[in-house]
Asks: 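Before I ask anything, let me first share the structure, which is written out below as structure tokens.
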Amino acid sequence: MQSILAIALGSSDQMVGFLGLNLEQTSRPWDDQTMHMLRLIASIFTNLHIRMQAEESLRRSEAQYRALVQTLPDSISTMDMNGCYNYVSEQTLRLYGYDSPEEMLGTFAALGVAETDRERMQQDLQNLREEHPVVTFTGTMQRKDGSLFSGQAHIARLTDSEGKPTGYIVSVRDISESYRAQMELSGLNEELRRTVLELESRNNDANLLNELGDLLQGCLNVSEVYDVVSSTVPRIFPGMAGGLYMSNASRRYVESTLQWNTPLHSELVFEPDRCWALRRGRAHLSEPEHNSLSCRHIVEDSRIIALCTPLVAQGETQGLFYLEGSPDMEGLQRTQQLATMVSERVALALANLRLSESLQAQSIRDPLTGLYNRYYIEATLQRDLHRAVRKKSPIGLVMLHLDLQALPAAKKDHWIQTLAGYLQSNVRTSDIICRYSADEFLIILPDAPLTDCVRRAESLHKGFSSLRRHYKDMDFNSIQVGFGLAAYPEHGDRINDLIEKVRIAANQAVQEPEDPYHIAPQTAAS
């Protein structure tokens, strides 16, 4: 009779097979010793099988690992604790230009890093040993032939089963193309940043120039132009000093009329021929340190850059726009362009004001004598009457009526100009003189009562007599002058009434040479 014994091969969590025994039945029983031996044999078979499985699994894993490493684009290598290679992949050989693994194995990995970056890599390895499980190193790598490339390495610690470091695994990637692209992108970004800053600067300049132009257009006099320039121009040229120089009436010199960020390294008054800009009629840059042709009004041995721009408008040079800065200042070309635009606006504003003043003078002045005309005097008398009524103060009027019929036509203009000059020299500064008509002069005397008007007429008449004696060759003796006198409030408070009464009185006086002073009849209310 046969007996079959089956013993399971494996562990508590894994069954790997059975050990079967086919024995003939004997009278001998299966004792404990026999069973122990059988179990021992089963255990040996089990361990052998498991080991064979582990070795097979390890071979497969290693094959998969190698296949994986060979397919990766990055270079993979391992180093011992001394930093020497003990494994290199095919990609590593190609990346560093070696022909076989034997050329690299046992050599220091640091030799694959450019000398300028080796110390930094050693510091990263030190940090890896002490603190971090993985570090990333980006720097310049070196091939076998000495050529360089940009690389990025990821370095991780290798440990044994007890957690003790045994070496390092390193993956390296050639990032030369991406680094080059990054540098190009960085360059483009920097160029874009500069472009944006330039556009912002130009936009700011345009806004300030527009503000300057708008304010200058609203100026009513030269003083307001100076105020606008002093408040706006320093913001257009921050950090620079400057000023305006204006030509005097004779054009023999220019004089500083406005300054900012003083003191200036320029004379405050000088002849136009001492400035190249005024000579040439265009902007001139003086750079003493560069041996350029410097304007002679700039102080010698001054370490500055000076920009002189003439103030030219409507073909006339009115003065000079002056700027100065340090020799290392930036944006010199931009400064020159802005200076030209600022000078054009300032010159145009000054020219327009002068034109406006000229037109205004023509509208209120007599062209022959330069005295005020009747339109201006009527407006002025209206204002003075309102003030006199409010303050209850008098106003006197003296009118001179000339009889020029006996005077030759060629001498009339000269006589009228002579009389106008005489009147201007013999009245108070507060008095207002006008040529009311071709043969009439009107004098307004604020705060003067009628008695003052009489004394003033007598004084002028005596002076007129001296003119006759002085200009004997001009037949002034043939001229008759009559003085008409009126005053507020005695002769009314209406402009037309006052002027009409004083004109009638003057006309009567010129017709009666023996009595050259006529006082207008007073109103009934007076």
Side-chain angles (χ1 to χ4, degrees), residues 61-198 328 330:
S61 296
E62 185 176 353
Q64 291 175 352
Y65 170 75
R66 290 183 179 276
L68 177 62
V69 167
Q70 298 303 329
T71 57
L72 288 175
D74 297 344
S75 157
I76 304 295
S77 59
T78 59
M79 303 183 297
D80 58 23
M81 293 301 295
N82 294 322
C84 296
Y85 287 116
N86 52 26
Y87 169 77
V88 291
S89 66
E90 291 293 332
Q91 291 88 331
T92 304
L93 297 176
R94 290 194 296 270
L95 181 62
Y96 287 94
Y98 289 89
D99 298 324
S100 65
E102 288 73 16
E103 292 183 85
M104 296 190 70
L105 295 177
T107 62
F108 286 104
L111 297 177
V113 178
E115 188 173 355
T116 54
D117 288 346
R118 286 176 190 171
E119 183 177 350
R120 186 161 56 88
M121 181 186 179
Q122 293 294 342
Q123 183 60 47
D124 286 348
L125 288 177
Q126 185 64 31
N127 295 337
L128 182 65
R129 295 189 188 101
E130 297 175 354
E131 302 176 10
H132 308 289
V134 179
V135 296
T136 299
F137 171 82
T138 302
T140 304
M141 307 300 185
Q142 182 171 292
R143 297 185 180 91
K144 175 184 176 182
D145 60 5
S147 61
L148 304 176
F149 66 94
S150 297
Q152 185 177 69
H154 298 281
I155 310 172
R157 280 199 307 257
L158 295 176
T159 59
D160 58 16
S161 58
E162 297 180 358
K164 295 181 179 180
T166 60
Y168 309 95
I169 182 169
V170 184
S171 68
V172 181
R173 175 176 296 182
D174 185 351
I175 61 171
S176 298
E177 290 299 325
S178 60
Y179 181 77
R180 189 177 300 111
Q182 182 180 359
M183 290 298 99
E184 291 178 357
L185 180 60
S186 177
L188 291 174
N189 288 337
E190 178 62 22
E191 184 178 351
L192 178 61
R193 186 187 70 84
R194 288 196 299 267
T195 301
V196 170
L197 291 176
E198 178 68 18
D328 57 350
E330 298 180 356

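Everything numeric here is computed off the predicted structure, so don't read it as measured data.
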Asks: Write down the atom of Ser75, the atom of Gln91, and the distance for their closest heavy-atom approach.
Replies: CA-CB, 4.0 Å
Asks: Just verifying a value: how many Å separate Tyr87 OH and Ile76 CD1, rounded to the nearest 0.5 Å?
Replies: 8.5 Å
Asks: CG/Asn86 to CG/Leu105 distance, rounded to the nearest 0.5 angstrom?
Replies: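 It is 7.5 Å, given to the nearest 0.5 Å.
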Asks: Salt bridge or not for Arg193 and Glu190, using N-O below 4.0 Å?
Replies: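 Looking at Glu190 together with Arg193, the answer is yes, because their closest N to O distance falls below 4.0 Å.
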Asks: For Gln152 and Thr138: C-alpha separation, side-chain torsions, deciding distance, then whether side chain to side chain donor-acceptor pair (under 3.5 Å) applies.
Replies: CA-CA 4 Å; Gln152 185 177 69; Thr138 302; 3.3 Å; yes
Asks: Would you say that Val172 contacts Tyr96 through its side chain, given a criterion of any heavy-atom pair below 4.5 Å between the two side chains?
Replies: yes
Asks: Does the side-chain contact (heavy atoms from CB on, under 4.5 Å) test come out yes or no for Met121 and Ile155, once each step is laid out?
Replies: CA-CA 10 Å; Met121 181 186 179; Ile155 310 172; 4.3 Å; yes
Asks: Heavy-atom distance under 4.5 Å between the side chains of Leu111 and Gln142, does that happen here?
Replies: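 No, every pair of side-chain atoms sits at 4.5 Å or beyond.
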Asks: Using a strict 4.0 Å threshold on nitrogen-to-oxygen distance, state whether Glu177 and Arg180 make a salt bridge.
Replies: yes
Asks: Atom OG1 in Thr116, atom CG in Leu148: separation rounded to 0.5 Å?
Replies: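 It is 7.5 Å, given to the nearest 0.5 Å.
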Asks: Is a side-chain N or O of Thr166 found less than 3.5 angstrom from the main chain of Leu158, in a donor-acceptor match?
Replies: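 Between the backbone of Leu158 and the side chain of Thr166 there is a qualifying donor-acceptor contact (under 3.5 Å).
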Asks: Can you find a heavy atom in the side chain of Val170 that is under 4.5 Å from one in the side chain of Tyr85?
Replies: no
Asks: Could you walk me through whether Phe149 and Leu95 satisfy the side-chain contact (heavy atoms from CB on, under 4.5 Å) test, starting with their C-alpha distance in whole Å, then the side-chain angles of each, then the deciding distance to 0.1 Å, before giving a yes or no?
Replies: CA-CA 10 Å; Phe149 66 94; Leu95 181 62; 3.8 Å; yes
Asks: Nearest 0.5 angstrom please: Met183 CE to Asn189 CG, how far?
Replies: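 Atom-to-atom, Met183:CE and Asn189:CG are 10.5 Å apart.
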Asks: Out of curiosity, Tyr168 OH to Asp80 CG, how far, rounded to the nearest 0.5 Å?
Replies: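 Interatomic distance, Tyr168 OH to Asp80 CG, rounded to 0.5 Å: 9.0 Å.
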Asks: Does Val113 reach the side chain of Arg120, with side-chain heavy atoms less than 4.5 Å apart?
Replies: no
Asks: Can you tell me if Thr78 uses its side chain to pair, donor with acceptor, with the backbone of Ile169 under 3.5 Å?
Replies: no
Asks: Looking only at heavy atoms, what is the nearest atom pair of Met141 and Ala153, with distance?
Replies: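 Minimum heavy-atom separation between Met141 and Ala153: CE-CB, 4.2 Å.
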Asks: Roughly how far, to the nearest 0.5 Å, is the OG atom of Ser178 from the CG atom of Leu185?
Replies: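 One finds 11.5 Å between CG of Leu185 and OG of Ser178.
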Asks: With a cut-off of 6.0 Å (strictly less than), are more than 12 heavy atoms of other residues, nucleotides or ligands near CD of Glu198?
Replies: yes
Asks: Search all heavy atoms of Leu93 against all heavy atoms of Ser100 and return the closest pair with its distance.
Replies: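 Minimum heavy-atom contact is CD2-O, 3.5 Å.
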